Amino acid sequence: MDKILEALVSSSHPLTVKRAIVKKVMEAAEKEVTEEQCQALYHLTTRLILLGEDAFQRQVGLQVQEAYARYHRDEFACFFSKEYVLGLLQQGYGSLDRRDPAILDFLHGSLRLLISCPAVLELAPLLQTEVLRIICERPEPATCAKLATILTDFPQCVPREKAGVLFCQQLVRTFVYFHCPATEERELREYVTRVTRVSVLLQGIWKAEPATLLPSLQEVFAIISSTDPSFEPSIALACLVQHIPLQMITVLIKSLTTDQNVKDASMTQALCKEMIDWLSWPLANHVDTWVIALLKGLAAVQKFTILIDVTLLKIEQVFNRLWYPIVRQGALVVLSHMLLSFQHSPEAFHLVVPHIVPLVKSLKNDGLPNSKTFLLQFAELVHCMMYQYSGFPDLYDSILESIKNRSNVWGLLKITGKSETGKTGLVNLGNTCYMNSIIQILFMATDFRRHVMSLQLNGSNTLMKKLQLLFAFLAHTQRAAYSPRSFLEVSRPPWFTAGSQQDCSEYLRFLLDRLHEEEKTLSALQVTSPKPEPATTSAETFQAAASQPVADMPSHPYPVAANGDGRTLVERMFGGRLSTAIRCLQCHSLSEKEEPFTDLSLAFCPSMSKCHGPTDEHKSSSSVGPCQGAVNGGSESSEGSVKEGAGTRMERPLVEPTLSAPDLVDYFLAPEILENENCYFCERCASLQRAKKVMQVVVAPEYLILTLLRFSYDATCHVRRKILDNVGIPLHMSLPLRQHGISASTSSSTAATSSSSDSPDSGENLAKKLKPSRKEDGMAVNRINSETNDSDSEMLSVPYVLSSVVVHSGMSSESGHYYSYGRNVSSTDGYVAHPCPKTLESSSLSESSTDTHEEMGCAEHKSMDWFLFNDSRVSFTNFESLQNVTSRFPKDTAYVLIYRKQEVSGQPSNSGPVVNGSRLSGEPPLQKELMDAITKDNKLFLQEQELNARARALQATSASCTFRPNGSDDNDPPGSCGPSGGGGGGGFNTISRLVF
């Protein structure tokens, strides 16, 4: 029969004829066949299976052998003896090498034919020894996969006991060489399938023999922690991790991290070179769990150096795994843990910042069903990181645009520990950055802060007392950020909607006006009621007297101003006076009015070219009048023509600023010709006449507040648009001050006294907005004889130095974000200037004077510390960063500027507060009531820290890492406050603030 079959398969007959004859041969197996014939057929079929020239011969060999082994099993068992198997595994077959996978395929098929025979059990000890030998020879993945299939189907052939431990270790070691040179998808799939088969074999062995697990894991760590540069283990090791029981994580990681024999270099190598790479393995589960568990284990034993090195070296690689859908979910978990744990520096986050926008674009466009959900999770993480490390607007602008409306989370983060600046941030209570930025710049107004802190307000509950307490906490609390909730409740204007973004300049004017009216009312009560009234009576009286009542007025009288001139603290620090003079060009009669101001609202010119010193006496009212800003005005001009002119300039600003703050002040004070429809009604002429309007500062404030009117009304679209022009901010500037023939040494105090006693408007609201000059109805004016001229007036250039700036980030007043720059500066921190007389016709701010100021202050401002206040986060910065913020980040524009007046020789100083008859040049002593409140809160803060530390210790064993913060912050509307910065500085519930 064997001769017939051999001749048949090698003949030239058609395949149909051959198949028919083969079928007859297979049917003959059911009949009685001698042992010699069976052995001959088995040898022939084996040769056809292993050495067949084509697929037909190999197929015939398999079919015939299976048919005769089924009916003549004992004869096949004799054929497939130990000696025969040993020869195949050690010597091969004919031209086939012993390592050829075909040998193992034949072995597997033969064992399946003997599956129910005792012969398999007789072969098991031999196979246990041989498979261990084969594994020790580091076979190729194909050979290992074939061997794994055999051992999975015939577990009795797996080595046992000590040999089993050695077999598992050697099999793990063999994984090291499972490198994949394939590039085609088919080859890659085949490679992954082979590796998976071997890992499944190990899983089965670990379950059957638990004693083999720990030695196998030790071998894994020995491999991945090797510092040999020439040794590069295969990433296929990742598939083993998914088969390790999760309940063993805690024990194994603790044993590993506390082992004194494990060097830091080995641990770093294990994490950096291998475990992070495992995230790329497509089918491995729980790799992220093990990576995070090891990171937490290292943190528990305070091996922070390893964690820092691993994070900085590998975070970009982890981020790159997010591009691959099959592994991105696990990679995101590891990335989240690394970023949220690395809280001592933004360095790790900034390494991945350049890659965020391309990834977001890919996720939006790839069309995969789970990409949208993943994008929401990713955007949430990015939002949290930008909140944590705000103050880098140039880095985050493109990111914010790409993930706009992709996250509903802008949480209130837990605060722990002060920043390196020593300054305290303010917690954002939900779109309250407008208040936080104003409070910080008032706090950085050194002399104002010292005056507030020196007031004796014990037992009161006034707004000034609330501000004093807030200043005390900003100066002395141990918290990184203080929550100003109580101050918000009493200082928020009634028309401000809680939780919505507001105009910070409007809030500043309202706050200063409230403080001014409160002190003026209480001073009046002090004069009329020498005996203190109960708190309830004072409150009732004040509610009847003040336009903005504050509940629970103090039972103690409000202290009288230290200088005895009757002015309030707000007037002394921020109050100035502005003279508006209108001269009829027909009869030359002059009408003049003085009004107080606390800030100058500076409008932008309709044309860039007209913004530089428009001093032409015959300037038309149509081109200049509409842009004339109003003192204490709102955040937009009142005239339609102005709004249209300003609203048309919405292009991106130039890199170099074409305007500066002195230019806008010049434009504000420039003379204006009233003509055509804006003609002035002259009482002397009793008719409308052309007139010249001049506005001049007659009393210079200690702190000059400049508000840039960036929000203009677009009458076409009926919206308020933002003017994005880049305005230069000089460190030093000068304000022209008119002197009425009075010596410079007495002008300030004299003007102040007369204004408070004689002016018909002295009792009016400081924040009252001047009406445009074209309407004179109801204006109280002092008529001066037409022959009288102002030739005796002298112009004094009052020097100012920059104290702080509020920056608005965004495109409208109803959204965006406010943050501020500030530094400690007093009246003596700059230079001592001398009076600089100027004629009335000279420019109010000459280029030479400002340039000189810049040169004098150049060396000075470099040494002074500037701070960036971004809600909870406070960081160091410099003046150059402030100057370039709009150039780097076009949506971030200076909005409110505060300049401190510098001492001028021959004029009295009004800087430090007076305590016990002496003027203080430093910080006043902290009052007992304030000290007690701060001490109590600091103790509470330490208790909170201790509780948080305990909570973190209890959560140390958790394998999950959430990055969802608690509470709410700036999250409505989209693009407001939060997306532009928001000031982080907080921590997370499960992570320590410092490092991991």
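Keep in mind that what you see is a predicted model, and the values were worked out from it rather than measured.
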Cation over ring, Lys466 on Phe487, under 6.0 Å and within 45°? no
State the CD-CZ distance between Glu675 and Arg690, to the nearest 0.5 angstrom. 5.0 Å
Is there a donor-acceptor contact under 3.5 Å from the side chain of Lys722 to the main chain of Gly810? yes
Any side-chain donor-acceptor pair under 3.5 Å between Ser660 and Asp663? yes
Say whether, by atom type as modelled, one donor and one acceptor occur between the side chain of Gln440 and the main chain of Thr424 under 3.5 angstrom. yes
Give me the one residue out of Asn436, Asp892, Asn870 that meets side chain to side chain donor-acceptor pair (under 3.5 Å) with Tyr819. Asp892
Hey, could you give me the CG/NZ distance between Leu359 and Lys364, rounded to the nearest 0.5 Å? 11.0 Å
Indicate, with yes or no, if the rings of Trp866 and Phe879 have centres closer together than 6.0 Å. yes
Passing candidate, ring-ring contact (aromatic ring centres under 6.0 Å, His included) with Phe448, options Tyr703, Phe574, Phe443: Phe574
Atom CD1 of Ile898 and atom CD1 of Ile441: how far apart are they, to the nearest 0.5 Å? 3.5 Å
Identify whether the distance between the nearest side-chain nitrogen and carboxylate oxygen of Glu672 and Lys692 falls below 4.0 Å. no
Report yes if the distance between the aromatic ring centroids of Tyr434 and Phe496 is under 6.0 Å, otherwise no. yes
Indicate whether any N or O donor in one side chain lies under 3.5 Å from an N or O acceptor in the other, for Gln502 and Trp495. no
Within this structure, what is the CD1-CZ distance for the pair Ile438 and Phe510, rounded to the nearest 0.5 Å? 13.5 Å
Between NZ of Lys423 and CG of Leu426, what distance do you get to the nearest 0.5 Å? 12.5 Å
Could you tell me whether the side chain of Leu706 reaches within less than 4.5 Å of the side chain of Met733, counting heavy atoms only? yes
Heavy-atom side-chain proximity of Val357 to Ile399 below 4.5 angstrom: yes
Atom CG in Leu868, atom OG1 in Thr421: separation rounded to 0.5 Å? 10.0 Å
Distance under 6.0 Å and angle within 45° of the ring axis: does Arg449 meet both against Phe471? no
